[in-house]
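Throughout, a chain's letter reflects where its sequence line sits, starting with A, and its residues are numbered from 1.
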Number of protein chains: 2
Amino acid sequence: MRAMSTAQSPPSPSVPTGPREVAPVAHRAPERDEIRIETVLQALADPVRLELVRQLAREGRPLMCGAFDVSVSKSTLTHHLRTLREAGVVASRPRGTTRLNRLRRDDLDALFPGLLNGVLAARR
Amino acid sequence: MRAMSTAQSPPSPSVPTGPREVAPVAHRAPERDEIRIETVLQALADPVRLELVRQLAREGRPLMCGAFDVSVSKSTLTHHLRTLREAGVVASRPRGTTRLNRLRRDDLDALFPGLLNGVLAARR
DNA sequence: ACCGTACTTCGATGATCATCGAAGTGTGAA
DNA sequence: TTCACACTTCGATGATCATCGAAGTACGGT
């Protein structure tokens with residue numbers, strides 16, 4: 001659904017690109033000033049998602065979806081990464097046929113100094 | 001239910017005080033080393049509970065249940081305070097006919113340094 | 001054009017949870 | 001003991017959500 005995606009030309013010259021209320025990309029992430037603490041905490045509160053954040057922090061570099069070591073299905077992993085992305089905890093950009101997920105340390109540290117370090121300091 | 005409560009004397013001298021597996025008080029809170037980050041984040045993730053923590057931090061002293069300014073029913077407030085208590089975020093002790101709720105800053109700062117400050121630093 | 005890999009979307013399902021009112025418990029005071 | 005106040009427990013309800021498999025989309029290589 002959502003029409004053929006490969007089409008890059010709108011059906012008619014009217015409304016050339018549209019008002020573009022949200023952004024053309026499917027994978028939206030909030031700007032820094034749009035990140036809300038409730039959403040971030042909600043995102044971090046899930047054990048699987050917390051583990052994803054831990055692995056990103058431990059590796060210290062972006063990871064593709066398939067590189068995470070969690071015991072959930074592919075679709076569930078997508079769901080969790082989307083939750084983290086929409087909360088502003090991670091950002092992701094396509095890399096060939098895969099997708100690189102990056103921990104938004106700078107933004108989180110700027111908005112909630114100490115939060116991420118405190119969470120990561122917790123003993124397993 | 002739970003038998004007549006007014007009875008203060010156990011039925012028999014055997015098992016004078018009992019092994020007391022869980023503690024005689026109804027309001028249990030985890031010891032410092034029992035506090036888990038997932039539970040704490042889960043507790044902080046709710047908007048009402050986050051507001052309770054904010055008010056406790058702002059006042060800088062224990063507050064009785066009735067002193068919180070939130071727009072939920074009495075029973076819902078009890079539910080949220082219990083969630084915070086069982087997560088280890090607050091501690092509460094009876095004070096006459098009321099109950100004083102205290103933010104467990106020391107324990108949280110020791111376990112997850114920076115977390116609470118980061119959360120409280122978030123702009124409303 | 002075709003295939004395979006990598007990820008996403010969809011719809012369903014079971015579990016958890018925030019919410020409430022009503023009824024219960026406990027404490028201090030009259 | 002009786003009352004009023006402060007809080008808790010209970011049971012119900014609607015909402016959110018983690019989970020999955022199946023089907024869809026996108027991209028790079030052959």
Whole-Å distance between [N] [atom2] and [X] [atom1]?
| X | N | atom1 | atom2 | value |
| --- | --- | --- | --- | --- |
| A/Leu84 | D/dC17 | CG | C1' | 14 Å |
| A/Lys74 | C/dT8 | NZ | P | 9 Å |
| A/Leu100 | C/dA6 | CG | P | 13 Å |
| B/Arg82 | D/dT8 | CZ | P | 9 Å |
| A/Leu77 | D/dA18 | CG | C1' | 13 Å |
| B/Glu86 | D/dT8 | CD | C1' | 13 Å |
| B/Arg93 | C/dG26 | CZ | P | 20 Å |
| B/Met64 | D/dT8 | CE | C1' | 15 Å |

Proximity to the side chain of [X] - top-ranked nucleotide from [options]:
| X | options | result |
| --- | --- | --- |
| A/His80 | C/dC7, D/dC20, D/dT19 | D/dT19 |
| A/Thr78 | C/dA18, C/dC7, D/dA6 | C/dC7 |
| A/Cys65 | D/dC7, D/dC20, C/dT8 | C/dT8 |
| A/Arg85 | C/dT19, C/dT8, D/dC5 | C/dT8 |
| A/Asp46 | D/dA18, D/dA6, C/dC7 | D/dA18 |
| A/Val72 | D/dA6, D/dT9, D/dC20 | D/dC20 |

Q) Is A/Arg49 touching bases, backbone alone, or none of the nucleic acid, heavy atoms closer than 4.0 Å? A) sugar-phosphate
Q.
Does A/Thr76 reach a base, just sugar-phosphate, or nothing at all? Heavy atoms under 4.0 Å.
A. base
Q: Please say whether more than 12 non-hydrogen atoms of neighbouring residues, nucleotides or ligands are located less than 6.0 Å from CZ in B/Arg95.
A: no
Q | A/Arg58 atom CZ, neighbour heavy-atom count above 12 within 6.0 Å | A | yes
Q.
For A/Arg124, is there an ion pair with A/Glu51 - N to carboxylate O distance below 4.0 angstrom?
A. yes
Q: Look at the side chain of A/Ser75 against the base of D/dG21 and say whether a donor-acceptor pair falls under 3.5 Å; ignore hydrogens and angles.
A: yes
**Q.** Qualifying residue for side-chain contact (heavy atoms from CB on, under 4.5 Å) with B/Leu84, from B/Val53, B/Val40, B/Leu103
**A.** B/Val53
Q | Nearest-0.5 Å distance that lies between atom CG in B/Asp109 and atom CG in B/Leu116 | A | 6.0 Å
Q.
With nearest nucleotide decided by heavy atoms, which residue, B/His79 or A/Val48, maps closer to the 5′ end of DNA chain D?
A. B/His79
Q) For A/Arg99 and C/dT8, is the shortest distance between a side-chain N/O and OP1 or OP2 below 4.0 Å? A) yes
Q.
Does C/dT27 have OP1 or OP2 under 4.0 Å away from a side-chain N or O of B/Thr97?
A. no
